[in-house]
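Data block below; observations after.
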2 protein chains.
Amino acid sequence: MRVFWEKGFEGATLDDLTAAMGIERPSLYAAFGSKQDLFARAVEHYLEGPSAYFEEALSEPTSRRVADALLCGAADLHTDPTTPSGCLTVHGAFLRGASPDGPGARLAAVRDGAEAAIGERLRRAVEEGDLPSDADPSALAAYLRSVTYGMAVKATGGATREELQGVIDLTLSAWPTA
Amino acid sequence: MRVFWEKGFEGATLDDLTAAMGIERPSLYAAFGSKQDLFARAVEHYLEGPSAYFEEALSEPTSRRVADALLCGAADLHTDPTTPSGCLTVHGAFLRGASPDGPGARLAAVRDGAEAAIGERLRRAVEEGDLPSDADPSALAAYLRSVTYGMAVKATGGATREELQGVIDLTLSAWPTA
DNA sequence: GCAGTACAGTACTCATCGGTACGATATCCG
DNA sequence: CGGATATCGTACCGATGAGTACTGTACTGC
């Protein structure tokens, strides 16, 4: 997973992958079938492990705390010194092949699903009166995702957690209150 | 330029490039030297052409108008139907090689330079009283760049100009006033 | 009209990538 | 202890990428 995270799908060669896993190529193919299948498994692990903050964030009681948890979770993850910088799913947004069943499409679905989930959560917040009735949950979700993507790009380029905190603070200062 | 813009440095093959230019490989090498050199030229043209909105935006009279022009210019560019989606420099943020003189490093310098230029402009705005004295120009610049990068990622994934406008509106609602 | 030169295009080289066949080695069961 | 089997690793294959040598042609200068 870390190899894909660090180098992306195309940047990760089989030599990289086998070296990181301590197994040889035939074993890898016996266990996973293909590079694409292995990547799919890596994405699953990423979503269940490092990116698990996401689901937890959606469970926060107020929309503002949801937003804060999403942004801080992403910033923590993208600058965690024990893991590669940046975001696996954002890294995968720039794949050569655009085949509808390829890894790029899968990641696009993951990203779209995440934004939709945030939108749903914020829609509930409007219903609960936690957000003003004229707030646009979809736009707020797109905003949060944009900032998150942007932080991933900046983290890939070497931004620090502190810099990203400044971004988060400004982002949240735009958050509407009921 | 368009080929690199659309496919990135590594995604653009020599066949793509020669086909787009209507010349053959040896002519390309005679004229530009190498793929990297050609890419450097493409980046120059990108900065001077499509991305020229940037310098104009910095000349806007108020910091808020600077921010608005930067964000709208980026959104327009990234969703212009006559050009590839997304941003050449963001696309290049995810290159395999990390060689200090490679195309990745060059683009990183471009991105860092852009953020620094925005920071400078906003610092001036603080001095001029156009921004409150407790505003943090660097943080605001990082915020603008994050949103811009995020819009580029979203545009690459197919976001529309209208969606991005929602992001811009929210982004600017966080803008401090003197 | 002819020699010299510059150029365009074809076809090649070398490296690397994803994926696999095959031989060597170890393991398990009778 | 022996043989079938499962597993591991080396070595290979076809495809594709960047970069280049070579040949034929057109054009210039005399």
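Letters A, B, ... mirror the listed sequences (proteins, then strands); counts begin at 1.
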Residue pair A:Lys35 / A:Phe4, side-chain heavy-atom distance below 4.5 Å
yes
Can you figure out which of [options] approaches the side chain of [X] most closely?
| X | options | result |
| --- | --- | --- |
| A:Pro26 | D:dA18, C:dG19, C:dA21 | C:dA21 |
| A:Ser27 | C:dT20, D:dA18, D:dC8 | D:dC8 |
| A:Glu24 | D:dG9, C:dG18, D:dA21 | D:dG9 |
| A:Lys35 | C:dT20, D:dG19, C:dG18 | C:dG18 |
| A:Thr13 | C:dA21, C:dG18, D:dT20 | C:dG18 |

Taking B:Asp112's backbone N and O only, do any of them form a donor-acceptor pair with B:Glu115's side chain (distance below 3.5 Å, no angle check)?
no
Main chain of B:Leu14, side chain of B:Thr18: is a donor-acceptor contact present, judged purely on distance under 3.5 Å?
yes
Check the distance between [N]'s [atom2] and [X]'s [atom1] and give it to me in whole angstrom.
| X | N | atom1 | atom2 | value |
| --- | --- | --- | --- | --- |
| A:Phe39 | C:dG19 | CZ | P | 14 Å |
| A:Arg25 | D:dT10 | CZ | C1' | 11 Å |
| B:Ile23 | C:dA8 | CD1 | P | 9 Å |
| A:Asp15 | D:dT10 | CG | C1' | 13 Å |
| B:Tyr29 | D:dG17 | OH | P | 12 Å |
| A:Lys7 | C:dC17 | NZ | C1' | 14 Å |

Quick one: sort the A:His91 and B:Phe94 rings into parallel, tilted or perpendicular, breaks at 30° and 60°.
tilted
